[in-house]
Amino acid sequence: MREKLQAKIKEVVSEIFDVEVEPVISVPEEQFGDYSTNVALQLADQNHKAPHEIADKIAKSLQEKLSDDAESVDIAEPGFINIRLSVSALWERANETETYKPMTYKDQSIVIETNNPNPFKDLHIGHAYNSVVGDTISNLLGLGQAKVHRVSYHGDVGLHVGKSMWAILRFIDGDPDKLKTIPETKRPTFLSQKYLEGSTAYEEDASAKKEIEDLSQQSFVLDDPIFKTVYEICNSWSFEYFDRIFQSIGSRPVEKRYLERDADNAGRGIVESNIGPVFTKSDGAVIFEGEKYGLHTRVFISSRGLTLYEARDLGLMKLKAEDFNPQASYIVTANEQKEYFEVILKAAELIMPEVAKMTRNISTGMVKLSTGKMSSRTGNAINIGWLIEAIKSALSSRKSSHEGQEQTIVGALRYSMLKNRIGSDLVFDVNDAISLEGNSGPYLQYAYARSRSILAKVTSESQELPGDIDKDERRLLRKLGDYQNVLDKAVSELLPHQLCGYLYELAQLFNQFYEHNRVLGDERENIRVNLVRKYSDILKSGLDVLGIPAPDRI
RNA sequence: GCCCGCGUAGCUCAGUGGAUAGAGCGCUGCGCUUCGGACGCAGAAGUCGGGGGUUCGAAUCCCUCCGCGGGUACCA
């Protein structure tokens with residue numbers, strides 16, 4: 001409908017004024033109509049004519065051209081043209097919407113790095129946020145008809161591994177079988193405790209520091225049998241834990257896990273073979289002089305000969321390009337890495353321009369806590385497991401059944417992370433995240449369950465619709481037809497909050513409708529059931545994109 | 001210091017060139033539950049950080065100042 005309208009306006013303008021324009025069409029407040037355009041104001045600017053006159057001419061001609069689709073075409077000061085759709089056009093638009101799929105990324109292979117927690121360490125809200133955002137953006141890409149490859153990247157080598165292994169090796173005291181004494185459910189806690197022990201020792205004990213540094217080296221070579229055995233067991237514990245947690249917050253599994261170990265080799269090769277043209281040596285280190293390009297100068301290979309994150313990221317870019325032959329590659333990270341990635345991409349541009357060109361860092365903003373105080377044990381971070389328990393206990397304080405509780409938790413958590421624009425910081429308020437009311441995931445799930453409950457009770461079979469429509473019905477139908485525009489925008493800009501905002505407004509309208517209008521047993525039952533059905537389908541499909549389950553009963 | 005980002009109601013945020021700046025939470029009052037009250041209705045609450053500029057039109061673009069956050073050579 002929007003395209004149709006756009007074409008007609010273009011046609012009209014071309015006929016009357018003999019100019020080519022790409023008319024901007026927006027959805028105004030309901031009182032003004034269903035669509036609005038400011039072409040007259042744009043033309044007035046160019047032609048130095050009164051916008052009102054121009055608008056008048058366009059509106060008259062447009063009214064004729066649209067015939068059955070427009071109920072009215074009005075002008076409003078200073079020169080807006082407002083179009084009010086006919087009832088039949090509104091239904092047509094809503095029907096289109098139900099089967100609509102944006103084609104934004106059609107036939108593209110796209111690889112996206114959705115999360116990157118390090119084994120041996122614990123997961124906190126920041127990891128959950130990254131996963132939820134990365135997963136939802138992947139869903140949007142998929143909706144835009146891309147072939148999406150979700151991947152993750154993990155720091156399985158380096159200092160943090162040394163810290164953990166130092167404490168773990170002391171615990172097993174030469175006997176790897178001691179790990180078997182740790183029950184499966186305690187493994188994540190065990191690992192995070194050992195990491196904490198190692199970190200503390202590293203700070204406070206000089207001899208431990210030396211040992212930890214040696215163990216860090218060992219993580220690269222793995223030539224000590226006991227180290228290797230223990231390392232591999234604990235690594236697998238971590239990955240099992242990650243998979244379980246990410247699945248429990250509704251994120252789909254990754255297709256491939258990349259390890260720094262692999263990126264290390266690839267990255268070293270790239271950097272070393274480009275010393276001279278791209279990289280230079282300085283104080284024994286291999287650096288990239290980003291300052292030449294207005295960026296930061298960064299070290300890629302340290303003076304001790306070790307690759308740093310910079311070199312490994314170059315290697316990773318190459319590996320991903322080889323594995324998936326993508327047209328686009330996204331890396332979702334917190335924005336503290338934004339300027340870092342600008343440097344990496346600049347260096348990559350000089351070495352492998354085609355890879356650099358398609359790679360984009362989506363920076364998410366940092367997760368901050370609204371309350372200063374947090375668990376003293378985990379420092380200033382909120383552990384994901386703790387958060388899930390908090391939502392669970394908020395739920396059980398309700399009298400309702402526990403049916404669908406898991407889904408409600410996912411809904412509350414994901415929605416609280418997705419409803420704000422990606423890029424600005426997320427001030428994480430636990431009370432907000434566990435909220436079941438207002439602009440929240442559970443509000444949407446509840447509004448969905450209500451509609452399903454009505455539909456389950458429908459007995460009449462007649463599908464014949466009356467030609468007229470009342471005010472509340474029209475309002476709901478108007479909103480339903482908006483869905484495809486919202487999808488277009490959310491998909492092309494990769495902004496899930498656009499969809500959140502729309503679904504919330506839609507659910508609000510439905511709840512208002514529900515409050516003031518009887519559906520079943522009313523003389524207008526047919527038309528209303530039809531609306532409820534469309535509403536229910538659209539809400540479910542939107543929640544699905546957000547990775548939020550929509551159970552029939554909650 | 002330099003670079004990047006942000007500043008909208010008490011709090012958390014939408015709105016990023018168009019019409020009287022919107023929502024949730026919180027606050028005040030109401031509906032007391034007939035298709036599910038995890039709901040609905042009404043109300044109070046704003047120098048859109050300050051100042052200047054561009055424009056028919058600015059929260060939105062430009063300049064400047066203030067405040068906050070992040071980055072800034074061997075962490076990731």
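Chain letters run A, B, ... following the sequence lines, proteins first and then strands; every chain starts at 1.
- Using modelled atom types, one side-chain atom of A:Gln6 and one backbone atom of A:Pro23 make a donor-acceptor pair closer than 3.5 Å.
- By the salt bridge (Lys or Arg N to Asp or Glu O under 4.0 Å) test, A:Lys210 is found to be paired with A:Asp214, residues two or more places apart in sequence or in another chain being considered.
- No donor-acceptor pair closer than 3.5 Å links the side chain of A:Asn82 to the backbone N or O of A:Gly33.
- Comparing B:C74, B:A76, B:A38 against the side chain of A:Thr408 picks out B:A38 as the nearest.
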**Report entry** Base-pairing string, 5' to 3', of RNA chain B - Watson-Crick or wobble, under 3.5 Å, | interstrand
**Finding:** ((((((((.[[[[.)..(...]]]].(((((.......))))).....[[[[[..)....]]]]])))))))....
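- Sorted by first and then second residue, the pairs that involve residues 341-350 of chain A and meet side chain to side chain donor-acceptor pair (under 3.5 Å), not counting sequence neighbours, are A:Lys346-A:Glu349.
- For A:Asp472, the side chain to side chain donor-acceptor pair (under 3.5 Å) partners at least two apart in sequence or on another chain are A:Asn517.
- Not a single donor-acceptor pair under 3.5 Å links the side chain of A:Ser164 to the backbone N or O of A:Val161.
- When distances are taken from the side chain of A:Asn82 to each of B:C4, B:G36, B:A19, the shortest belongs to B:A19.
- Both stacking criteria are satisfied for A:Phe32 over the base of B:A19: a centre-to-centre distance under 5.5 angstrom and an angle between ring planes under 30 degrees.
- Taking the six-membered ring for Trp and thresholds of 30 and 60 degrees, A:Tyr195 and A:His160 have ring planes more than 60 degrees apart, a perpendicular arrangement.
- Note on ring orientation: taking the six-membered ring where Trp is involved, the planes of A:His154 and A:Phe239 are perpendicular (angle over 60°, cut-offs 30° and 60°).
- With hydrogens and angles ignored, no donor-acceptor pair under 3.5 angstrom links the side chain of A:Gln337 to the base of B:G71.
- Comparing the C1' positions of B:G71 and B:A76 gives an interatomic distance of 13 Å, to the nearest angstrom.
- Of the P atoms belonging to B:G22 and B:A45, the separation is 14 Å, rounded to the nearest Å.
- With B:C4, B:C74, B:G18 as the candidates, the nucleotide lying closest to the side chain of A:Phe80 is B:G18.
- Residue A:Gln512 places at least one side-chain N or O under 4.0 Å from the OP1 or OP2 atom of B:C41.
- When distances run from any side-chain atom of A:Leu308 to the nucleotides B:A76, B:G18, B:G69, the shortest one goes to B:A76.
- Residues passing the side chain to side chain donor-acceptor pair (under 3.5 Å) test with A:Glu336, sequence neighbours excluded: none.
- Taking the side chain of A:Tyr514 as heavy atoms from C-beta on, and the options B:A76, B:C35, B:G71, the nearest nucleotide is B:C35.
- The stretch residues 291-301 of chain A touches RNA chain B through A:His296, A:Thr297, A:Arg298, A:Val299, each having a heavy atom under 4.0 angstrom from the strand.
- Screening residues 409-427 of chain A for salt bridge (Lys or Arg N to Asp or Glu O under 4.0 Å) gives A:Asp135-A:Arg414, A:Lys368-A:Asp425, A:Lys419-A:Asp432 as the qualifying pairs, with residues at least two apart or on separate chains.
- Atom P of B:U8 sits at a distance of 15 Å from the matching atom of B:C61, rounded to the whole Å.
- Evaluation of the ring pair (Phe, Tyr, Trp, His ring centres under 6.0 Å) rule for A:Tyr415 yields no partner, not counting sequence neighbours.
- Less than 4.0 Å separates RNA chain B from at least one heavy atom of each of the following residues of residues 502-509 of chain A: A:Tyr504, A:Gln508.
- With hydrogens and angles disregarded, no donor-acceptor distance shorter than 3.5 Å links the side chain of A:Arg452 to the backbone of A:Arg553.
- Across B:C11 and B:G50, the matching P atoms stand 15 Å from one another, rounded to whole Å.
- The backbone N or O of A:Phe300 lies less than 3.5 Å from no partner atom in the side chain of A:Arg312, so there is not a single donor-acceptor pair.
- Nucleotides B:G7 and B:C13, compared at atom P, are 10 Å apart to the nearest Å.
- The side chain of A:Ser303 approaches B:C74 more closely than any other nucleotide in the set B:A73, B:G36, B:C74.
- Nearest nucleotide to the side chain of A:Ser453, out of B:G40, B:G36, B:A76: B:G36.
- Rounding to whole angstrom units, CD of residue A:Glu260 and P of B:C75 are separated by 13 Å.
- Nucleotides B:G1 and B:C39 place their P atoms 49 Å apart, quoted to the nearest Å.
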Report summary line: Quick tally for nucleotides 7-17 of chain B: nucleotides whose base has a protein heavy atom under 4.0 Å get B, sugar-phosphate-only ones S, the rest -, giving -----SSSS--
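- Put simply, A:Tyr446 has a side-chain N or O that comes within less than 4.0 Å of OP1 or OP2 on B:A38.
- Separation of the A:Phe120 and A:Tyr231 ring centroids falls under the 6.0 Å cut-off.
- In the set B:C39, B:A76, B:A19, B:C39 carries the atom at the smallest distance from any side-chain atom of A:Glu437.
- If you measure from atom CD of A:Glu336 to atom C1' of B:G70, you get 8 Å, rounded to the nearest angstrom.
- If you take atom P in B:A59 and the same atom in B:G17, they sit 13 Å apart, rounded to whole Å.
- On the P atoms, B:G29 is 22 Å away from B:A38, given to the nearest whole Å.
- Atoms OH (A:Tyr340) and P (B:A73) sit 14 Å apart, rounded to a whole Å.
- When distances are taken from the side chain of A:His516 to each of B:A76, B:C41, B:G18, the shortest belongs to B:C41.
- The salt bridge (Lys or Arg N to Asp or Glu O under 4.0 Å) test applied to A:Asp537 returns no partner, not counting sequence neighbours.
- Residue A:Lys457 has a polar side-chain atom (N or O) positioned under 4.0 Å from OP1 or OP2 of B:G36.
- A:His497 meets the ring pair (Phe, Tyr, Trp, His ring centres under 6.0 Å) test with no other residue; sequence neighbours excluded.
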